[in-house]
Amino acid sequence: MKTLISHCSSALSGQARVPGDKSISHRALILGALAVGETRIEGLLEGEDVLATAGAIRAIGSIVENKGEQCWAVHGCGLGGLNEPNDVIDMGNSGTAARLMLGLLATHPMTSVVTGDASLRSRPMDRVTTPLHKFGAELRGNEDGKLPITVFGTADPVPIHYVLPVASAQVKSAILIAGLNTPGETTVVEPTPTRDHTERMLKYFGAELNIYDANPAGRTIKITGQLELTPQYIRVPSDISSAAFPIVAATLVHGSSVRLNGVGINPLRTGLISTLLEMGAKIGIENETNDGGEPTADLLVTASDLRGIEVPSTRAPSMIDEYPVLAVAAAMAEGPTVMRGLRELRFKESDRLAAVASGLSACGVKIEEGEDYLIVYGQGRAPVGGVTINSGLDHRIAMSFAVLGLVTREPITITGASTINSSFPRFVDLMCALGAEIRTPKTECVAK
Ligand code: S3P
């Protein structure tokens, strides 16, 4: 497993384009598989998580071609036209891939087995299997209901009405995808809005979908099933959750000025930007445009001193993956940063609340960890660092501490860093090209 050493760096500068959005990439492949004909996807994230989804849709009969330069073609077999897989489907490290695929498999009459790596096999799946049972499918996991799960897809799915008990775009999306091959109208109600890439893309593929934002019970999405999807041309924006790392790095490293091009700024994903701006960050938003129903922009980040704030807990779904790197920013801010409503962080690729708390305190940062909150007592100056952090098979933990190492007094070593490839291939190259000093034990910075 690769080890990285992140050293205190001088000013970062230049421009970069971070890889394609992971959430959108998964959805483009899956909806492409459910349309009849060729869907073209430009800017697909070629990280391990998305490649697992590509493998999964191949296993059920789609032809998936890598055309080069992040351009991919999917020849879908259409709703109801899938093949039964003849092997176990391995979703690797990806919770999104696993949960969305369970939704797809549940309402197709075939038997399949879905598994993943040690991290994914430890994550809760009952949040998707419970609603998928209501469609009439049978999903049998291990004794905790976790992966590996055997899916006995139903031949006669019945539409459901489901109120999400947790704010989760994965669960919402699994239900909508299951609803696609179900006759009649499936309804999902989300008391707290979560990223809406599935809804946007379903509309783009011509699905019959209605959204009621003003429903007192919560945002209500209705999908009419068993209508054909039309293949599309999709340009995937850069992933704001990956951009988060150079954004925080450029904010923290003195004298930095970095431009990140073509970043997705879907309002249900931009909680980190709002939070950093409230903390005193300087982030300009330029060249706003719209690509296939998703807003994008260039982000111009210049270094600035930060102050601690209380982050509204209602903002959590719009920055759920960004708390580890926000906690890193908070460690350099003046005064405490209070982050609440974070229970879901315990169910990510690792228990991110615990990983952030133990990693930051090892680096000399005062931190308070509660069941669903984190308070980081920033001192307005660089923490000591000088520790080794194990990624725990969690790409965002690895990248967050690599960012922290750019400002700590002693370098930070990250073990198990290969997991970064699940969402951000060439992370080290991109960061080094901006001037970051992130090295492997025996090499110098790989900057071009
Ligand atoms: C995702 C939703 C979020 C997020 C994950 C990607 C998605 O998970 O943490 O990285 O693509 O739908 P939850 O839906 O479980 O909150």
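Please read these numbers as outputs of a predicted model, since none were measured by experiment. Numbers here simply count residues along the sequence, with the first being 1. For ligands, and for the atoms within them, numbers begin at 1 and follow the listed sequence.
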For a 4.5 angstrom cut-off between non-hydrogen side-chain atoms, does Arg123 reach Arg99? yes

Under the salt bridge (Lys or Arg N to Asp or Glu O under 4.0 Å) rule, what do Glu310 and Arg340 come out as? Steps first, then yes or no, please. CA-CA 8 Å; Glu310 168 127 21; Arg340 297 191 191 279; 3.4 Å; yes

Ring of Phe347, cation from Arg127 - is the NZ or CZ under 6.0 Å from the centre and inside 45° of the axis? yes

What atoms in ligand 1 come closer than 4.0 Å to a heavy atom of Asp321? 4 (C), 5 (C), 9 (O), 10 (O)

Give me the nearest non-hydrogen protein atom to atom 11 (O) of ligand 1 as residue plus atom name, then the distance to 0.1 Å. Ser23 OG, 2.7 Å

Determine, considering heavy atoms only, which of Glu344, Lys348, Arg396 sits nearest to atom 13 (P) of ligand 1. Lys348

Asp239 bridged to Arg269 by N-O distance under 4.0 Å: yes

Would Glu138 and Arg140 pass as an ion pair if we require N to O under 4.0 Å? yes

Name the option, out of Arg27, Arg99, His197, His26, that contains the heavy atom nearest to atom 7 (C) of ligand 1. Arg27

At a 4.0 Å threshold, what atoms of ligand 1 neighbour a non-hydrogen atom of Thr96? 1 (C), 5 (C), 6 (C), 7 (C), 11 (O)

Any N or O on Val171 sitting closer than 3.5 Å to an N or O of ligand 1? no

